[in-house]
Amino acid sequence: MFYQKYIKRILDIVVSLLGLCIAAIPMLIVAIVIVCSDPGTVIFSQKRAGMRKNGEETTFQMYKFRSMWMSTPADIPTSELEHPEDHITPVGKFLRKTSLDELPQLVNILRGDMSFVGPRPALYNQEDLLQLRQENGSDLVKPGLFGWAQMNGRDKLTVEQKAELDGEYVKRMSFWFDCRCLFGSVIGSILQKDIVEGKQKK
């Protein structure tokens, strides 16, 4: 598809560059606040599943502002933690509720690891979700900062529901559908819709 191969990538580069320029000072302020509240790394880097290429699975390091204490296990989804609120710093709670912790992913988008819209990047060891995505072909597109599943339930969705919506996104992908997913997800983040910390249903 011409849009997916060319236009989508051009838009990702232009908008991510613009976003990094606009967000540079706010990101610096966030970084200072994180260090002051809990000394350690500012950026949390985590191995995530990327787009399947030539039949092979790929991975990349996804960046986020650190929102949890330095002692928190690195490769466990927040949804699998029994008491996630015990692991999240006071500053981190604000960052997660406002999705400001996701700002460093603009770098991932600029690098080509991610797109602005697509299935949310799964952990490399989330085998159940990755298998379902392979079955419906949603692992053949780049993971996204925003997505159709994120707009339609986010943390309240089961793994099966997320994969089903990811597959639907691939079938409906277009410039206008991407705009719908992007703006819908942004509005959902502002309203803090469907944001849940802790164990969810499988």
Side-chain angles (χ1 to χ4, degrees), residues 1-34 42-54 56-67 94-124 133 137-152 154 162 165-195:
M1 182 189 295
F2 185 79
Y3 168 70
Q4 179 183 349
K5 191 172 183 180
Y6 300 106
I7 304 301
K8 190 175 173 73
R9 179 59 186 148
I10 292 172
L11 289 173
D12 283 342
I13 293 173
V14 172
V15 178
S16 61
L17 277 172
L18 181 61
L20 284 168
C21 290
I22 295 173
I25 293 178
M27 289 175 72
L28 177 60
I29 294 172
V30 169
I32 293 172
V33 173
I34 290 173
V42 171
I43 300 296
F44 175 67
S45 176
Q46 193 175 55
K47 187 177 179 181
R48 297 282 180 135
M51 179 177 68
R52 181 178 289 271
K53 298 179 180 178
N54 301 317
E56 298 292 329
E57 295 180 357
T58 65
T59 59
F60 69 98
Q61 292 297 126
M62 189 186 80
Y63 306 124
K64 299 178 74 171
F65 278 125
R66 180 170 59 86
S67 60
F94 172 76
L95 294 177
R96 294 168 77 95
K97 284 185 177 181
T98 57
S99 294
L100 289 175
D101 62 321
E102 311 280 1
L103 282 176
Q105 285 165 50
L106 290 171
V107 175
N108 287 121
I109 294 172
L110 183 61
R111 288 175 47 177
D113 301 323
M114 296 171 57
S115 178
F116 269 101
V117 182
R120 283 295 295 160
L123 277 167
Y124 72 96
R133 284 181 173 176
S138 56
D139 63 343
L140 296 176
V141 299
K142 288 182 182 179
L145 179 59
F146 305 105
W148 186 232
Q150 186 181 12
M151 177 181 166
N152 288 279
R154 192 166 172 162
K162 287 179 181 178
L165 288 166
D166 291 337
E168 183 181 343
Y169 166 74
V170 173
K171 293 177 182 178
R172 301 176 64 180
M173 183 170 49
S174 68
F175 173 75
W176 295 112
F177 193 62
D178 274 4
C179 288
R180 179 180 175 183
C181 292
L182 191 154
F183 289 113
S185 298
V186 169
I187 291 172
S189 295
I190 292 173
L191 298 177
Q192 300 182 17
K193 181 181 178 183
D194 300 322
I195 298 177

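Because the structure is predicted, anything quoted here is derived from the model rather than measured.
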Rounded to the nearest 0.5 Å, what's the gap from [atom1] on [X] to [atom2] on [Y]? Could you check?
X: Ser174; Y: Ile7; atom1: OG; atom2: CD1; answer: 13.0 Å
X: Ser115; Y: Met173; atom1: OG; atom2: CE; answer: 8.5 Å
X: Ser45; Y: Asn108; atom1: OG; atom2: CG; answer: 8.0 Å
X: Thr59; Y: Lys47; atom1: OG1; atom2: NZ; answer: 4.5 Å

Verdict with supporting geometry, Val117 and Lys8, side-chain contact (heavy atoms from CB on, under 4.5 Å):
CA-CA 9 Å; Val117 182; Lys8 190 175 173 73; 4.0 Å; yes
For Val30 and Leu103, run side-chain contact (heavy atoms from CB on, under 4.5 Å): C-alpha distance rounded to whole Å, both residues' side-chain angles, the deciding distance at 0.1 Å, then the answer.
CA-CA 10 Å; Val30 169; Leu103 282 176; 5.6 Å; no
Would you check if [X] and [Y] make a side-chain contact, meaning some heavy-atom pair closer than 4.5 Å?
X: Met51; Y: Met114; value: no
X: Phe177; Y: Tyr169; value: yes
X: Lys64; Y: Glu102; value: yes
X: Asp166; Y: Trp148; value: no
X: Arg120; Y: Lys162; value: no
X: Val186; Y: Phe146; value: yes
X: Lys142; Y: Arg9; value: yes
X: Ile34; Y: Leu95; value: yes

For the CD atom on Gln61, are there more than 12 heavy atoms of other groups (residues, nucleotides or ligands in this structure) within a distance under 6.0 Å?
yes
Enclosure of Tyr3 OH (heavy-atom neighbours >12, cutoff 6.0 Å):
yes
Heavy atoms only: give me the nearest [X]-[Y] pair and the separation to one decimal.
X: Gly147; Y: Cys181; result: C-CB, 4.3 Å
X: Ala49; Y: Pro143; result: O-CG, 3.9 Å
X: Pro119; Y: Ser138; result: CG-O, 3.7 Å

Going by atom type alone, with no hydrogens or angles, which donor-acceptor pairs under 3.5 Å involve a side-chain atom of residues 16-29 and a protein atom two or more places apart or on another chain?
from  : atom 1 : to    : atom 2 : distance (Å)
Ser16 : OG     : Asp12 : O      : 2.6
Ser16 : OG     : Ile13 : O      : 3.1

Applying salt bridge (Lys or Arg N to Asp or Glu O under 4.0 Å), which residue pairs with at least one partner in residues 106-115 are found, sequence neighbours left out?
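Passing the test, one end in residues 106-115: Arg111-Asp113.
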Using the side chain to side chain contact (heavy atoms under 4.5 Å, CB included) rule, pick out the option among Tyr63, Tyr124, Phe60 that qualifies with Arg48.
Phe60
Before accepting this row, confirm whether a basic side-chain N of the pair Asp139/Arg52 lies closer than 4.0 Å to the acidic partner's carboxylate O.
yes
